[in-house]
Amino acid sequence: MFQRMRMRQLRWRETDRRRCLLSVTEERSFSAGSLRGAVAVLRMSKKKGLSLEEKRSRMMEIFFETKDVFQLKDIEKIAPKSKGITPMSVKEVLQSLVDDNMVDSERVGTSNYYWAFPSKALHARKHRLEDLEKQHTEGKQRRVALQQAVEKAKKGRQDTKERAALQKELHSLREQREKLRVELEKYKECDPEVVQEMRKENITAKEAVSRWTDNVFAIKSWAKRKFAFDDSQLDKAFGIPEDFDYMD
């Protein structure tokens, strides 16, 4: 009996020992996995590409540090090694600096040469600073002028009883004027100037009607001679009224 109990205790101890070993193994495996994940993240962060501004800045460092003149093939060799700029983007970055007048370029024979000296960059920054200071000064002057105009406009426009009464009267007069304008529009046809203009238009219209009447009679005359038709046949064929004639 005692021997059986002893055997059971040994078995329990062996089971507990195995569980502990399994737990430690899993913990180590998890730690190793976490470590591998962190390393992968660091590697990905290292592989993250440079922005365009970072590439431009690093390429300018090449010119400022060396104070030398380069061809494109020279930059394509130096930039990837010393500044980490990808070879495929070297030409594009360099051209953007040339377009912005940050790098000078000159064609000699069949080759293009590029250079940029710190003195020119300093001069460009000073010129830019002067422009910004000038714009700032002009902006301050405009601000002061606008403030003065506002203060001047406020004079005589304080909210007083007299001003409120005048505004109310002005509003009433404007409404009255609009009513009179609508009323006047009703009698526009009786306006002497409008009547005179209508008479002129009537004369022009009457002259046009007479010309077309002449044309109709001319065509009827030609058709009667050409086809031996009489007036009634032509009037019926072309829908010409029997009383068609010149206007009085």
Do [X] and [Y] share a hydrophobic cluster, counting only Ile, Leu, Val, Met, Phe, Trp and Tyr and linking them when any side-chain heavy atoms are less than 4.5 Å apart?
X: Tyr113; Y: Ile75; value: no
X: Leu97; Y: Met88; value: no
X: Trp222; Y: Phe229; value: yes
X: Phe117; Y: Phe70; value: no
X: Val69; Y: Val98; value: no

Residues in side-chain contact (heavy atoms from CB on, under 4.5 Å) with [X], at least two apart?
X: Arg128; answer: Leu132
X: Leu173; answer: Glu169, Gln176
X: Glu207; answer: Ile203, Arg211
X: His127; answer: Glu130, Asp131

Across all chains, not counting sequence neighbours, the ring-ring contact (aromatic ring centres under 6.0 Å, His included) partners of Tyr246 are Phe217

Just to verify, what does Lys224 make a salt bridge (Lys or Arg N to Asp or Glu O under 4.0 Å) with, not counting sequence neighbours?
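Checked Lys224 against salt bridge (Lys or Arg N to Asp or Glu O under 4.0 Å); matches are Asp231.
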
Quick one: list whatever passes salt bridge (Lys or Arg N to Asp or Glu O under 4.0 Å) with Arg181, sequence neighbours left out.
Glu178

Do the non-hydrogen side-chain atoms of [X] and [Y] ever get within less than 4.5 Å of each other?
X: Ser111; Y: Gln71; result: yes
X: Leu94; Y: Val103; result: yes
X: Gln148; Y: Lys152; result: no

Listed pairs under 3.5 Å, donor-acceptor, residues 233-240 side chains, sequence neighbours left out:
| residue | atom | partner | partner atom | Å |
| --- | --- | --- | --- | --- |
| Gln233 | OE1 | Asp230 | N | 3.3 |
| Asp235 | OD1 | Lys220 | NZ | 2.9 |

Derivation of the side chain to side chain contact (heavy atoms under 4.5 Å, CB included) call for Gln147 and Arg143:
CA-CA 6 Å; Gln147 286 178 340; Arg143 181 172 174 269; 3.4 Å; yes

Closest non-hydrogen contact found for Ser105 with Tyr114 is OG-CE2, 3.5 Å

Just how far is it from atom [atom1] of [X] to atom [atom2] of [Y], taken to the nearest 0.5 Å?
X: Gln135; Y: Glu138; atom1: CD; atom2: CD; value: 7.0 Å
X: Leu50; Y: Thr86; atom1: CG; atom2: OG1; value: 8.0 Å
X: His136; Y: Gln141; atom1: NE2; atom2: CD; value: 10.5 Å

Taking atom CD as the centre, does Glu162 end up with more than 12 heavy-atom neighbours from other residues, nucleotides or ligands that are less than 6.0 angstrom away?
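Not more than 12 within 6.0 Å, no.
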
So which pairs with a foot in residues 102-114 pass salt bridge (Lys or Arg N to Asp or Glu O under 4.0 Å), sequence neighbours left out?
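Every salt bridge (Lys or Arg N to Asp or Glu O under 4.0 Å) pair that includes a residue of residues 102-114, provided the two are not neighbours, is Asp104-Lys120.
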
Check for a donor-acceptor pair, side chain of Ser172 on one end and backbone N or O of Lys168 on the other, with a separation under 3.5 Å.
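Not a single qualifying donor-acceptor pair exists.
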
Tell me if a side-chain donor or acceptor on Glu54 pairs with a main-chain N or O of Ser51 at a distance below 3.5 Å.
yes

Tell me, which pairs form a side-chain hydrogen bond (donor to acceptor under 3.5 Å, both in side chains) where one or both residues lie in residues 194-203, sequence neighbours left out?
none

Pair up each side-chain donor or acceptor in residues 55-67 with any protein partner under 3.5 Å, not counting sequence neighbours, and list the distances.
| residue | atom | partner | partner atom | Å |
| --- | --- | --- | --- | --- |
| Lys55 | NZ | Ser89 | OG | 3.4 |
| Arg56 | NH1 | Ser96 | OG | 3.0 |
| Arg56 | NH1 | Asp100 | OD2 | 3.1 |
| Arg56 | NH2 | Asp100 | OD2 | 2.9 |
| Arg58 | NH1 | Lys83 | O | 2.8 |
| Glu61 | OE1 | Lys83 | NZ | 3.0 |
| Glu65 | OE1 | Lys83 | NZ | 3.4 |
| Glu65 | OE2 | Lys83 | NZ | 3.3 |
| Thr66 | OG1 | Ile62 | O | 2.6 |
| Lys67 | NZ | Phe64 | O | 3.2 |

Apply side-chain hydrogen bond (donor to acceptor under 3.5 Å, both in side chains) to Glu175 and list each qualifying residue two or more places apart in sequence or on a separate chain.
His171

